[in-house]
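Before any comments, here is the structure.
On a predicted model such as this, the values are computed, not experimentally measured, just so you know. So you know, we letter chains A, B, ... as the sequences are listed, proteins then strands, and number each from 1. Both backbone and side-chain heavy atoms feed into the values below; hydrogens, waters and symmetry mates do not.
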Amino acid sequence: MNGLLVAIKAELFIAMRTFASKLIVLAPALIAAVQLFIVKLGETGQQARNNLLGASEFDRAIGSNAYGFFVDGLSTGLTILGLLIVAQAAYSFSYERDIGSIRHLFIRRVSRSSSITAKLIHLHLLAIISVLLLLAVSYFLSGILWEYDAIVEDGFELISEQEIQNEIKLGLHLALLPIPAAIGFGLLVSVSAQSATQAVTTALGITLAIDIFKGLLGDFSNYIYASFQPSLIDQSYLQAVSRIVRGYSDVLIDDRVLQLNMWVPLPALLLFFTAALWIVQRRKI
Amino acid sequence: MPALTVSGLNKSYGSFAVINDLNLQIERGSVHGLVGLNGSGKTTTIECILGLQAFNSGTVSVLGFAPERLHLAKGKLVAIFDSPSLHPNLTVRQTLEHAMLLCETPKRTATEVEEMLGISRFSKFKTKHLSLGNKRRTSIAQALLGQPELIVLDEPFNGLDAEGVDDVLELITSLNREQETAFLLSSHQLPYLEQICTHIAILNQGKIALNDSIANLLEKTGNSIQLKTEQLDAATAVLENLSGVQLLNVDDKGYMNIAVEGMDSASLNQSLVENDVLVSELILKRASLATLFREISSEGSP
């Protein structure tokens, strides 16, 4: 068995026995579920109030389509996942360096590059499991609490279910693309930082700073992978999908931005990963 | 092929040279102690040897591998560091199972090494809940899962109680004897090193000041005698006439420190008494590593 496989097995061994990995897998789905329950609770209250006051049911017909809530759940979950995964990536190497356990790997079986590659693979696995769980929980919970349907207004089908699903697929695809780059960024910070605390605060700090300043950066923000992530100040395509699947017709989508969303994250990942490998080969462990 | 060869190793932080033209060779099957004062460069030397930090110049070969390619040795080299380097959220058993993944061919089971080091009853304890001594035992236990040809130990006795020290000494001796495992031990505990090492290298200000077998080193260091008498002048005169005896100094408490070669303490006492010099105290100080180490360290100190 070569060093990379040993490193992956060693990573997974620890991941299965520690809290951080479980948090990354469960937290996005759990928070999305809590959000959906709270929205349903609020909506039920509002409905009771409208029934008592005899208000119009028009908005409810469009607003209560489960697809909209499903996308909201995804958006919230992916925002949480984006923050957790960058923090975990930043923590992974720097923490093992702090406690000294990474030394054993390097001396016994695993090269430095294999170790970083194993961490990259491990974090991707965590992200994939987390996204699958988030998808399942959001989909089924939205279906239980609301009803999946096409957008129909005055008896006319504005958007078919197939069209809605296609939009969601595209939105999800574009929202997931920056996650590998976020992992790469976290790893780069991890190998560069002096301690785990410094790594996590730096990685989260920069991620949140990008979120805050992306509005000011204008077109330049489209060259930063993090601009396309669902986030606290959300400008991702998934956020637009949430409005599209609710039947809003005022959503403007710039095709160039979609193209950048498609092509910026992968080179960013390669750049971060190459830089992380370069640094880890040279730094004192 | 030697287990470890270091030639002309240099390492500096900026303009400050930490290691200066260091040469060291450890033969397979030997137990080599590396001693030196704090800041003499022991840990830096070990880290350079293990590829954990880069060095400016020189060559290092560990079991035939360069430091940056030690992972290719596939577990034939094991290191145990000053800090236990354990994952705090894993139990002792999980730590050993994790270490087992790094062994190409495990030679012992986790249960066996737990028993060898007396940590069976802590098997289900998370390592963060262990005492320093038991953390160190767990750290050492990891090294015993495979069949290493060279074990590097940095301060292996730190935090161990007397029983723990005995266990580690016994382990080192038996591994060395039964499997011809070579050891590089860095420690301040000179009496322990004297018990188990075949060779000692004394590191002083980044240089190997002395490197030889224990037997040769102790031979170079003669026994000494410390005695006290009220008749200092008379005693000095007697000592000057004795062969193989040299008065080194008289300390501020009035003790005469005497280097002796080829004369035992009884004969010296007899000579003094025959010359009417009454000795109130006489202490034989046997040659030891500590004596030699102090001599070397004081020579190099500014």
Task: Residue pair A/I14 / B/H98: nearest heavy atoms and the distance that separates them - done: CD1-NE2, 3.5 Å

Task: Crowding at OH, B/Y13 (>12 non-hydrogen neighbours, <6.0 Å) - done: yes

Open item on the list: Quick check: closest heavy atoms across B/P88 and A/I99, and the distance to 0.1 Å?
Closed with: CD-CD1, 3.8 Å

- [ ] Flag yes if more than 12 heavy atoms outside B/K76 fall under 6.0 Å of its NZ atom; otherwise flag no.
- [x] no

Open item on the list: Can you confirm whether A/R109 sits close enough to B/K74 that some side-chain heavy atom of one is under 4.5 Å from a side-chain heavy atom of the other?
Closed with: yes

Task: Greater than 12 external heavy atoms within 6.0 Å of A/R283's CZ - done: yes

Open item on the list: For the CD atom of A/E96 and the OG atom of B/S85, what is their distance to the nearest 0.5 Å?
Closed with: 11.5 Å

Task: Contact class of A/I102 relative to chain B, heavy atoms under 4.5 angstrom - done: neither

Task: From CD1 (A/I8) to CG (B/L101), nearest 0.5 Å - done: 12.5 Å

Task: Which atoms of A/R112 approach chain B - backbone, side chain, both or neither, heavy atom under 4.5 Å - done: side chain

Task: Student check: side-chain heavy atoms of B/Q94 and A/M16 closer than 4.5 Å - done: no

Open item on the list: With a 4.5 Å cut-off on side-chain heavy atoms, are B/L86 and A/H104 touching?
Closed with: no

- [ ] Could you pull out the closest heavy-atom pair between A/V6 and B/L102, with the gap in Å?
- [x] CG1-CD2, 3.7 Å

Task: Region of B/L90 in contact with chain A, defined by heavy-atom distances below 4.5 Å - done: side chain

TODO: Please indicate whether B/K207 has more than 12 foreign heavy atoms, meaning atoms of other residues, nucleotides or ligands, lying under 6.0 Å from its NZ.
DONE: no

Task: Nearest-0.5 Å distance that lies between atom CD1 in B/I49 and atom CD1 in A/I107 - done: 11.0 Å

Task: CD (B/E27) with more than 12 external heavy atoms under 6.0 Å - done: yes

TODO: Give me the ring orientation class for B/H87 and A/Y95: parallel if the planes are under 30° apart, tilted from 30 to 60°, perpendicular past 60°.
DONE: perpendicular

- [ ] Can you tell which part of B/E47 gets under 4.5 Å to a heavy atom of chain A, answering side chain, backbone, both or neither?
- [x] side chain

Open item on the list: Heavy-atom cut-off 4.5 Å, strictly under: side chain, backbone, both or neither for B/A79 against chain A?
Closed with: both

- [ ] For each of A/S101, A/G100, A/S111, tally heavy-atom pairs with chain B at distances under 4.5 Å, and name the one with the top tally.
- [x] A/S111

- [ ] Please state whether the side chain, the backbone, both or neither of A/T18 comes within less than 4.5 Å of a heavy atom of chain B.
- [x] side chain

